[in-house]
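Starting from 1, each residue takes its place in the sequence as its number.
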Amino acid sequence: MNKNSKRLIIEHILSQHAEESSFLWMLRDGAVSEPHYQLMDLEELETRIDAHLDGLRVAGDAAWRFCEAGLQHKEAGEVFTAVYTALDNSKLDWLDQVLNTVADTPECTRGIVSALGWSSKEKLQGYVVNWLKSRESMLRMLGLAACAIQRVDCGGYLKLGLEDADIIVRARALRSVGEIRRQDMLPAVVEQLASDDTDCQFWAAWAATMLGEAKGLRKLQEFYESSNQKFQQYALALGLRAMDKTAAVNWIREHTMRPGFARPIIEATGIVGDPVTIPWLISLMQKPEYSRLAGES
């Protein structure tokens with residue numbers, strides 16, 4: 001085997017590590033909200049992702065070319081792999097390249113935030129504080145997200161986030177309050193229930209509900225009763241679990257016959273877990289448009 005052929009085999013393996021870590025992350029991202037995945041299934045996926053990330057880690061600088069190539073797709077999985085690799089190698093220029101590439105692709109943010117959680121706290125040192133102080137709204141949002149996903153209290157920066165003029169930053173700050181249980185910030189969260197922005201309204205309701213505030217739960221109910229599907233699933237998942245079970249069952253029964261509301265009701269039935277509904281769910285499994293959702297419920 002000559003030197004050139006050996007290099008080709010190494011490059012092929014690195015390419016596979018980059019592709020597989022991105023693909024498996026996408027599977028894992030969907031799996032966390034799927035009812036048929038158990039913790040052991042998620043652990044298996046994460047172990048496989050870690051194995052491919054280890055392959056990229058061992059390669060050092062040589063791995064970046066393959067991560068960089070994946071960014072052209074502007075998919076969250078490729079972004080996850082690229083951000084993780086940039087942080088692991090402490091390469092600010094690589095990280096800036098990723099952020100610049102996906103600046104106009106909000107759906108990739110999920111991959112960035114996940115990579116911030118996948119990385120160690122030591123690897124994030126020197127980045128997060130600068131992001132929280134940044135004049136760029138995207139970086140301020142990422143700073144708040146990094147602290148929340150690492151379960152680190154960012155102190156006064158969270159209060160500044162709640163007052164931020166940028167809606168994206170403010171919405172992320174509201175979500176962070178709920179995630180790290182900052183009970184002292186509940187009054188500021190409640191104020192945002194009347195925000196002019198729908199995203200801020202929702203995350204204020206979500207955070208307030210997480211902190212046990214009844215006003216938040218009432219506001220959350222508006223979202224899962226709305227025809228706007230952007231936050232409906234999130235609202236159902238938390239709102240019905242936060243309700244008294246009798247109230248949740250009564251809510252489902254009151255809305256069962258509502259036109260165009262079948263899918264949310266099927267999903268809500270699975271969340272509440274009322275065994276009386278099992279025959280009804282089985283009957284819905286005979287209808288192609290509802291079969292999978294009814295089976296999951």
Residues in side chain to side chain contact (heavy atoms under 4.5 Å, CB included) contact with Met185, at least two apart in sequence or another chain: Leu158, Lys159, Leu162, Val177, Arg182
Donor-acceptor pairs are to be reported for all side-chain atoms of residues 202-211 against protein atoms at under 3.5 Å, with residues two or more places apart or in another chain.
residue: Thr209; atom: OG1; partner: Ala205; partner atom: O; Å: 2.7
residue: Thr209; atom: OG1; partner: Gly216; partner atom: O; Å: 3.3
residue: Thr209; atom: OG1; partner: Leu217; partner atom: N; Å: 3.2

Atom pair CG/CZ of Leu193 and Arg218 - distance to nearest 0.5 Å: 9.5 Å
Ring pair (Phe, Tyr, Trp, His ring centres under 6.0 Å) involving Phe23 - partner list, sequence neighbours excluded: none
Side-chain donor/acceptor pairs under 3.5 Å, residues 262-270, sequence neighbours excluded:
residue: Arg263; atom: NH1; partner: Glu289; partner atom: O; Å: 2.8
residue: Glu267; atom: OE2; partner: Gln233; partner atom: NE2; Å: 3.1
residue: Thr269; atom: OG1; partner: Ile265; partner atom: O; Å: 2.7

Pairwise distance OG(Ser176) to CG(Leu144) - rounded to 0.5 angstrom: 5.5 Å
Steps toward side-chain contact (heavy atoms from CB on, under 4.5 Å) verdict (Tyr234, Leu220): CA-CA 9 Å; Tyr234 281 114; Leu220 204 63; over 6 Å; no
Over all atoms of both residues, closest heavy-atom pair of Gln286 and Pro288: O-CD, 3.6 Å
Side chain Arg241, main chain Ala237, donor-acceptor under 3.5 Å: yes
Residues Leu174, Cys200; criterion side-chain contact (heavy atoms from CB on, under 4.5 Å); working and verdict: CA-CA 7 Å; Leu174 287 164; Cys200 289; 4.0 Å; yes
CZ on Arg253 to OG1 on Thr277, rounded to 0.5 Å: 9.0 Å
SB check Lys74 Asp104 (cutoff 4.0 Å): yes
Path from Val272 to Ile278 over hydrophobic side-chain contacts below 4.5 Å: no
Distance-only donor-acceptor hits, side chain of residues 77-85, under 3.5 Å, sequence neighbours excluded:
residue: Thr81; atom: OG1; partner: Ser21; partner atom: OG; Å: 2.9
residue: Thr81; atom: OG1; partner: Ser22; partner atom: N; Å: 3.4
residue: Thr81; atom: OG1; partner: Ser22; partner atom: OG; Å: 2.9
residue: Thr81; atom: OG1; partner: Gly77; partner atom: O; Å: 3.4
residue: Tyr84; atom: OH; partner: Arg57; partner atom: NH2; Å: 2.3
residue: Thr85; atom: OG1; partner: Thr81; partner atom: O; Å: 2.8

ILVMFWY cluster, Ile167 and Met141 together (side-chain gap under 4.5 Å): no
salt_bridge(Lys230, Asp199) N-O dist < 4.0 Å: yes
side-chain contact (heavy atoms from CB on, under 4.5 Å) assessment of Asp50 paired with Leu53: CA-CA 5 Å; Asp50 278 334; Leu53 292 177; 4.3 Å; yes
Less than 3.5 Å apart, which donor and acceptor atoms pair up between the side chains of residues 92-103 and the rest of the protein, not counting sequence neighbours?
residue: Gln97; atom: NE2; partner: Glu68; partner atom: OE2; Å: 2.6
residue: Asn100; atom: ND2; partner: Asp96; partner atom: O; Å: 3.1
residue: Thr101; atom: OG1; partner: Gln97; partner atom: O; Å: 2.6

Flag if over 12 foreign heavy atoms under 6.0 Å of CG, Asp244: yes
Ser15: side chain to side chain donor-acceptor pair (under 3.5 Å) partners, not counting sequence neighbours: Glu19
Side-chain ion pair, Arg170 and Glu163, N-O less than 4.0 Å: no
With sequence neighbours excluded, residues passing salt bridge (charged side-chain N to carboxylate O under 4.0 Å, His left out) with Asp61: Lys91
Ile49 CD1 to Trp25 CH2 distance, which is reported to the nearest 0.5 Å: 9.0 Å
CA sep, side-chain torsions, deciding dist, call: Arg110, Asp29, salt bridge (charged side-chain N to carboxylate O under 4.0 Å, His left out): CA-CA 9 Å; Arg110 193 172 181 86; Asp29 185 52; 2.5 Å; yes
Test item: Glu179 and Arg151 side chains (from C-beta on) under 4.5 Å apart, heavy atoms: yes
Step-by-step side-chain contact (heavy atoms from CB on, under 4.5 Å) determination, Val169 to Ser137: CA-CA 6 Å; Val169 180; Ser137 58; 3.9 Å; yes
Leu116 backbone acceptor or donor facing Gln150 side chain under 3.5 Å: yes
From OG (Ser114) to CD1 (Ile149), nearest 0.5 Å: 5.5 Å
Any side-chain heavy-atom pair of Ile168 and Met138 under 4.5 Å: no
OG-CG distance between Ser283 and Leu281, expressed to the nearest 0.5 angstrom: 7.5 Å
Minimal non-hydrogen separation, Glu107 against Ala76, with atom names: O-CB, 4.0 Å
For Gln201, side chain to side chain donor-acceptor pair (under 3.5 Å) partners two or more places apart: Lys219
Test side chain to side chain donor-acceptor pair (under 3.5 Å) applied to Trp131 - qualifying residues, sequence neighbours left out: none
Arg65 side chain vs Ala62 backbone, donor-acceptor pair below 3.5 Å: no
Donor-acceptor under 3.5 Å (Ser134 side chain, Glu136 main chain): yes
Side chain to side chain donor-acceptor pair (under 3.5 Å) against Gln183, all qualifying residues, sequence neighbours excluded: none
Heavy-atom pair of closest approach, residues Gly239 and Tyr224: CA-CE2, 3.9 Å
Test: Arg140 and Asp166 ion pair at under 4.0 Å: no
Asn130 side chain to Gly126 backbone, donor-acceptor under 3.5 Å: yes
side-chain hydrogen bond (donor to acceptor under 3.5 Å, both in side chains) partners of residues 30-47, not counting sequence neighbours, each pair once: Arg28-Glu46
